[in-house]
A.B. asks: 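Got a structure for you, written out below as structure tokens; questions coming shortly.
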Amino acid sequence: DLSFAKIERTILDAIAASDDRVVIHQALQHLVVGGNALIFMGKEGLKLYPLNRYVIERDGNGNVIEIITKERINKDLIPNYETLKPNVPYSQEYDEDKEECDVYTHVKRDNNRFVWHQEVHDKKIPGTQSKSPVDSTPWLPLRFNTVDGEAYGRGRVGQFIGDLKSLEALSQAIVEGSAAAAKVVFTVSPSSTTKPQTLAQAGNGAIVQGRPDDIGVVQVGKTADFATALQHMQTLEKRLNEAFLILSVRQSERTTAEEVRMTQMELEQQLGGLFGLLTVEFLVPYLNRKLSVFQKTGEIPRIPKGM
């Protein structure tokens, strides 16, 4: 028990000292909006691949079969880049003047392990081949909601996109309407003895000759319409707050701590399935990889199989 406690403390201290939490926080934001994110656990720390920089293929059970990532890397950082230049003098993928080029990483499952290598201009970069067991792979593809038979997950935002668009449209209408209502325009009757120029040049508290009935102010008169839009906005905001687990406590003198706690538990239970999925797809592989790396470096003793 003491040995296990020491191992646990070593790993927790290493996680606390690294910037893993920052990358995980970014990944969770991508999950909420896009429903997908890919994390690579390298030697320097975690690296996040957003959905626009990787593709993935899974089998019918959701197991990862193949991943391909794309990133822009400076040519000086690629070893032996001169030997990897394309044979053609100029192509769409290759530009002599640019300092950066596209580097692709190809990850493929081979029985009980993952093998991967990197390519530039359709040529393998020497020394980038690597492999790892499926249980302790550094590649962690995350999903927010799973859909049976689909390689990609679905995000939280996608489920409430209708409400979000409606709220955005109503907000725009109210902002534009408020700007129009705030505009001050005076009108002068064409038969009035008061000249518009006199009115425009008159300072605050000035006395000018004319009749008040000949001068009017343009009014929008849309207060009732704005109230309807505002009321509907508040309904949408309440619905979205509940969807995105923003705790809204009942405002009253008799609100107890137990009521707040029950509201909090109710919100958490809505996403119970998500926590279960993140445990299986992120937390367990993440900790398995940490254990594997620490055992290889000798920071913690090797744990016997079957424990």
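Here the structure is a predicted model, which is why all the values come from computation and not from measurement.
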A.B. asks: Test your reading of the model: is there a side-chain donor-acceptor pair from N36 to the backbone of G153, 3.5 Å cut-off?
C.D. replies: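 Answer holds: yes.
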A.B. asks: Using a cut-off of 6.0 Å, state whether more than 12 heavy atoms not belonging to E168 lie near its atom CD.
C.D. replies: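 Check fails, neighbour count at 12 or below.
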A.B. asks: Testing the basics here: between D148 and G60, what is the closest heavy-atom pair and its distance to 0.1 Å?
C.D. replies: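 Where D148 meets G60 most closely, the heavy atoms are OD1-O, 3.9 Å.
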A.B. asks: Check whether any side-chain heavy atom of R239 sits under 4.5 Å from a side-chain heavy atom of F160, and report yes or no.
C.D. replies: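 With C-beta onward as the side chain, the pair stays apart.
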A.B. asks: Hey, are the side chains of E237 and L167 touching, using non-hydrogen atoms and a 4.5 Å cut-off?
C.D. replies: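 Contact flag for E237/L167 side chains = yes.
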A.B. asks: Verify the neighbour count for atom CG of D59: are there more than 12 heavy atoms of other residues, nucleotides or ligands below 6.0 Å?
C.D. replies: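 Count over threshold, so yes.
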A.B. asks: May I ask you to decide if D76's main-chain N or O and N74's side chain share a donor-acceptor pair within less than 3.5 Å?
C.D. replies: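 Checking the backbone N and O of D76 against the side chain of N74, a donor-acceptor pair under 3.5 Å is found.
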A.B. asks: May I have the step-by-step check of side-chain contact (heavy atoms from CB on, under 4.5 Å) for L278 and L283, ending in yes or no?
C.D. replies: CA-CA 6 Å; L278 281 176; L283 208 55; over 6 Å; no
A.B. asks: Indicate yes or no for a side-chain donor-acceptor contact from R109 to the backbone of I65 under 3.5 Å, with no hydrogens or angles considered.
C.D. replies: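 No, R109 side chain to I65 backbone: no donor-acceptor pair under 3.5 Å.
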A.B. asks: Do V184 and V208 sit in the same hydrophobic cluster, where Ile, Leu, Val, Met, Phe, Trp and Tyr count as joined when their side-chain heavy atoms come under 4.5 Å apart?
C.D. replies: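 No, V184 does not connect to V208 through the hydrophobic network.
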A.B. asks: Determine whether L140 and V284 fall in the same hydrophobic cluster, where Ile, Leu, Val, Met, Phe, Trp and Tyr are linked whenever their side-chain heavy atoms lie under 4.5 Å apart.
C.D. replies: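 In one cluster with L140: V284, no.
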A.B. asks: Less than 4.5 Å apart, any side-chain heavy atom of P138 and any of S132?
C.D. replies: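 They are in side-chain contact.
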A.B. asks: Between T194 and Q209 (side chain of the first, backbone of the second, donor and acceptor by atom type, cut-off under 3.5 Å), is there such a pair?
C.D. replies: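 Confirmed, T194 side chain pairs with Q209 backbone.
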A.B. asks: With rounding to the nearest 0.5 Å, note down the distance linking CG in L38 to CD1 in I56.
C.D. replies: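 It comes to 6.5 Å.
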A.B. asks: Please round to the nearest 0.5 Å and tell me the distance separating atom CZ of F114 and atom OG1 of T137.
C.D. replies: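 Rounded to the nearest 0.5 Å, the CZ-OG1 separation comes out at 5.0 Å.
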A.B. asks: To the nearest 0.5 angstrom, please state how far the CG atom of L287 sits from the CD1 atom of I15.
C.D. replies: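 Between L287 CG and I15 CD1, I get 5.5 Å after rounding to 0.5 Å.
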A.B. asks: State plainly whether the residues D20 and K290 are in salt-bridge range, i.e. N to O under 4.0 Å.
C.D. replies: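 Answer for the salt bridge query: yes.
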A.B. asks: With rounding to the nearest 0.5 Å, note down the distance linking CZ in R289 to CG in L46.
C.D. replies: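 Atom-to-atom, R289:CZ and L46:CG are 11.0 Å apart.
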A.B. asks: Around atom CZ of R21, are there more than 12 heavy atoms of other residues, nucleotides or ligands at under 6.0 Å?
C.D. replies: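 Not more than 12 within 6.0 Å, no.
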A.B. asks: Do F244 and L240 come within less than 4.5 Å of each other through their side chains, counting heavy atoms only?
C.D. replies: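 F244 reaches L240 side chain to side chain.
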A.B. asks: Is the backbone of V293 close enough, under 3.5 Å, to the side chain of T297 for a donor and an acceptor to pair up by distance?
C.D. replies: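 Confirmed, T297 side chain pairs with V293 backbone.
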A.B. asks: Does the pair R261/E258 count as a salt bridge with the N-to-O cut at 4.0 Å?
C.D. replies: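 E258 and R261: salt-bridged.
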A.B. asks: Looking only at non-hydrogen atoms, find the nearest pair between K131 and R113 and report the distance.
C.D. replies: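 In this case the closest contact between K131 and R113 is CD-NH1, 3.2 Å.
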A.B. asks: Look at the rings of W116 and F40 and say which category their plane angle falls in: under 30° parallel, 30 to 60° tilted, over 60° perpendicular.
C.D. replies: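 Taking F40 first and then W116, their aromatic rings stand perpendicular (interplane angle over 60°).
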